[in-house]
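Notes follow once the structure below has been shown.
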Amino acid sequence: MDYERIEVKPSQLLLDPNNYRFHDLAGYSEVKKRARYQEAGVQQQALKLLRDTTAFDLGSLKDSIRTNGYIPVEQIIVVPYEDAPDGEKRFLVIEGNRRASSLKILLEESESGAADLSDKVKGSIEKIPVVVLQGTEEEIQSYQRTLMAIRHVAGIREWGPYQQAKLVVEMFEEPGSSLGSVAQKIGISAREVARRYRASKALKQMEEDEEFGEFAEPRLYVFFHEAVSQPKVREWLGFNNDTYKAENEEARRLFFELLSPREVDGEKKIAKLNNATQQVRLLKDIVSKPYSLEILADPDKTFEDAVVGSRADVVEDDEGVVERSLATALAHLKKPGLSYIGANDRAKELWAEVLVQVEKIAKIIS
């Protein structure tokens, strides 16, 4: 496949109205005639789908370009479009429709006064480099499909969460940086920048811990990311947004312990926390109740035991052993449910014992 690199104005670029991204959107209708691609209504509809679909996140891309100017890290790939009636050369975008849309919108906003762009930024987007494919229609179509598959099926191998967060930390700690400025440069929200920074610093605190530092490793970043995202867990850890450290020593030690492999009665066991998405989100219900937190800290108990304890009907300030035992029993009874069919002999014996205890409880209540 032959190609050449040229510079064009964004106004010369035609968005692909049959972009693969559109095919599952409610407002999409196929434009069958190629000659109609350049029509204002067709182009406006393509731009609307790109701008108004939340998943395409055009706002973040616009913010990044507005802050940094257009940086052609990834090339916009086009093919010549011969059907333009005004004689001006036009090009149909086959890869880079989000970038082309963002450039068009920024220039429109600048011309209307809705956006103020620096001379440097404006100069970077008035003319942009593109790669023009050259060949027969069949060659171009085959190349386009291959390109789409490489880009969007196999996909670019993105950095992992830890590597992403490490770069965010370095950018935020540059002189004069702020959450907002880093967010604009990258194209993510300031809230997400803050979350990644907090999580990185929390992991750093574990790395520096004399007792648990040997167990701190990059793969644990996702656990800290989830933890700082949960207000109740942050509060339990005593996380300080000025020092970016967990200041509740007892809670911090337990959290590090939960993330570390352990040894119980000479038997080596994996860390209690081993699934960031599911377990850390359940942690918020455990740490808010003294009883379930006590179970969590018990080396002989599992994380699932603590979850069951958190669901027991016990008030947070209740210290009564009997009440705790009853609440735990009820929680376990509710977990499998009482609709048993064909219980075996041993189960029947146990149910008989339960009934004896129930009769005793009835006498106490009465």
Side-chain angles (χ1 to χ4, degrees), residues 1-25 27-51 53 55-58 60-62 64-65 68-108 121-158 187:
M1 173 64 63
D2 293 330
Y3 63 89
E4 66 173 328
R5 289 186 173 87
I6 64 172
E7 287 194 341
V8 300
K9 295 180 291 185
S11 60
Q12 291 178 263
L13 299 177
L14 296 175
L15 304 174
D16 183 359
N18 296 324
N19 191 329
Y20 284 95
R21 294 179 186 272
F22 299 159
H23 288 201
D24 61 347
L25 300 181
Y28 168 69
S29 295
E30 182 184 1
V31 180
K32 295 183 178 180
K33 294 183 178 179
R34 183 185 174 91
R36 299 197 60 186
Y37 287 9
Q38 49 80 35
E39 292 180 9
V42 173
Q43 286 296 299
Q44 287 169 6
Q45 176 64 6
L47 186 61
K48 182 178 185 299
L49 289 172
L50 284 161
R51 183 187 59 220
T53 303
F56 299 156
D57 197 16
L58 227 59
S60 295
L61 182 54
K62 277 175 51 190
S64 179
I65 296 173
N68 305 306
Y70 180 66
I71 302 173
V73 176
E74 297 182 69
Q75 298 286 354
I76 292 178
I77 300 176
V78 302
V79 293
Y81 182 82
E82 296 82 8
D83 298 305
D86 55 8
E88 183 181 23
K89 282 189 176 181
R90 300 284 176 85
F91 301 89
L92 177 66
V93 178
I94 65 170
E95 174 60 26
N97 279 274
R98 285 180 66 247
R99 279 162 281 153
S101 299
S102 298
L103 294 168
K104 287 174 176 286
I105 294 171
L106 277 174
L107 284 172
E108 288 176 5
V121 170
K122 195 170 182 181
S124 75
I125 66 176
E126 286 179 331
K127 272 202 166 185
I128 58 167
V130 298
V131 174
V132 186
L133 300 183
Q134 298 172 334
T136 66
E137 185 176 345
E138 290 76 15
E139 288 173 337
I140 290 174
Q141 192 174 68
S142 175
Y143 181 86
Q144 180 180 6
R145 288 174 180 148
T146 302
L147 177 64
M148 296 298 104
I150 293 171
R151 289 278 293 140
H152 304 293
V153 178
I156 293 175
R157 298 294 182 263
E158 292 185 350

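What you see below is based on every heavy atom in this structure, not just the backbone, and it leaves out hydrogens, waters and symmetry mates.
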Side-chain heavy-atom pair [X], [Y] within 4.5 angstrom cut-off:
{"X": "Val131", "Y": "Ile76", "result": "no"}
{"X": "Ile125", "Y": "Leu107", "result": "yes"}
{"X": "Ile65", "Y": "Ile71", "result": "no"}
{"X": "Ile105", "Y": "Leu58", "result": "yes"}
{"X": "Asp16", "Y": "Val93", "result": "no"}

Query raised in the report: In terms of the angle between their ring planes, are Tyr28 and Phe22 parallel, tilted or perpendicular, with boundaries placed at 30° and 60°?
Result: tilted

Do any N or O atoms from the side chain of [X] and from the backbone of [Y] form a donor-acceptor pair under 3.5 angstrom?
{"X": "Asn97", "Y": "Asn19", "result": "no"}
{"X": "Ser142", "Y": "Glu139", "result": "no"}
{"X": "Gln43", "Y": "Pro17", "result": "no"}
{"X": "Gln12", "Y": "Arg90", "result": "no"}
{"X": "Lys104", "Y": "Pro10", "result": "yes"}
{"X": "Arg36", "Y": "Val31", "result": "no"}

Supply the atom-to-atom distance [X] [atom1] to [Y] [atom2], rounded to the nearest 0.5 angstrom.
{"X": "Arg34", "Y": "Tyr81", "atom1": "CZ", "atom2": "OH", "answer": "7.0 Å"}
{"X": "Gln38", "Y": "Glu82", "atom1": "CD", "atom2": "CD", "answer": "12.0 Å"}
{"X": "Arg98", "Y": "Leu61", "atom1": "CZ", "atom2": "CG", "answer": "5.0 Å"}
{"X": "Ile6", "Y": "Lys89", "atom1": "CD1", "atom2": "NZ", "answer": "6.5 Å"}
{"X": "Arg5", "Y": "Gln75", "atom1": "CZ", "atom2": "CD", "answer": "5.5 Å"}
{"X": "Leu49", "Y": "Ser101", "atom1": "CG", "atom2": "OG", "answer": "10.0 Å"}

Query - Listed partners of Tyr20 passing ring-ring contact (aromatic ring centres under 6.0 Å, His included), at least two apart - result: His23

Query raised in the report: Does Glu137 CD have over 12 foreign heavy atoms under 6.0 Å away?
Result: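 No, the 6.0 Å shell around CD holds no more than 12 heavy atoms from other groups.
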
Query raised in the report: Can we say Glu88 and Lys9 salt-bridge, meaning some charged N sits less than 4.0 Å from an Asp/Glu carboxylate O?
Result: yes

How close do [X] and [Y] get, counting heavy atoms only, and between which atoms?
{"X": "Tyr37", "Y": "Val42", "result": "O-CG1, 3.8 Å"}
{"X": "Tyr70", "Y": "Pro129", "result": "CE2-CD, 4.2 Å"}
{"X": "Ala100", "Y": "Leu15", "result": "CB-CD2, 3.9 Å"}

**Report entry** Derivation of the side chain to side chain contact (heavy atoms under 4.5 Å, CB included) call for Leu25 and Thr53
**Finding:** CA-CA 9 Å; Leu25 300 181; Thr53 303; 3.6 Å; yes

Report task. Only counting residues at least two apart or in another chain, list the ones meeting side chain to side chain contact (heavy atoms under 4.5 Å, CB included) with Tyr143. Result -> Met1, Leu133, Leu147

Requested in this report: Under the side chain to side chain contact (heavy atoms under 4.5 Å, CB included) rule, what do Val132 and Val8 come out as? Steps first, then yes or no, please.
Outcome: CA-CA 11 Å; Val132 186; Val8 300; over 6 Å; no

Query raised in the report: Who are the side chain to side chain donor-acceptor pair (under 3.5 Å) partners of Ser60, not counting sequence neighbours?
Result: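 Ser60: side chain to side chain donor-acceptor pair (under 3.5 Å) contacts with Asp57.
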
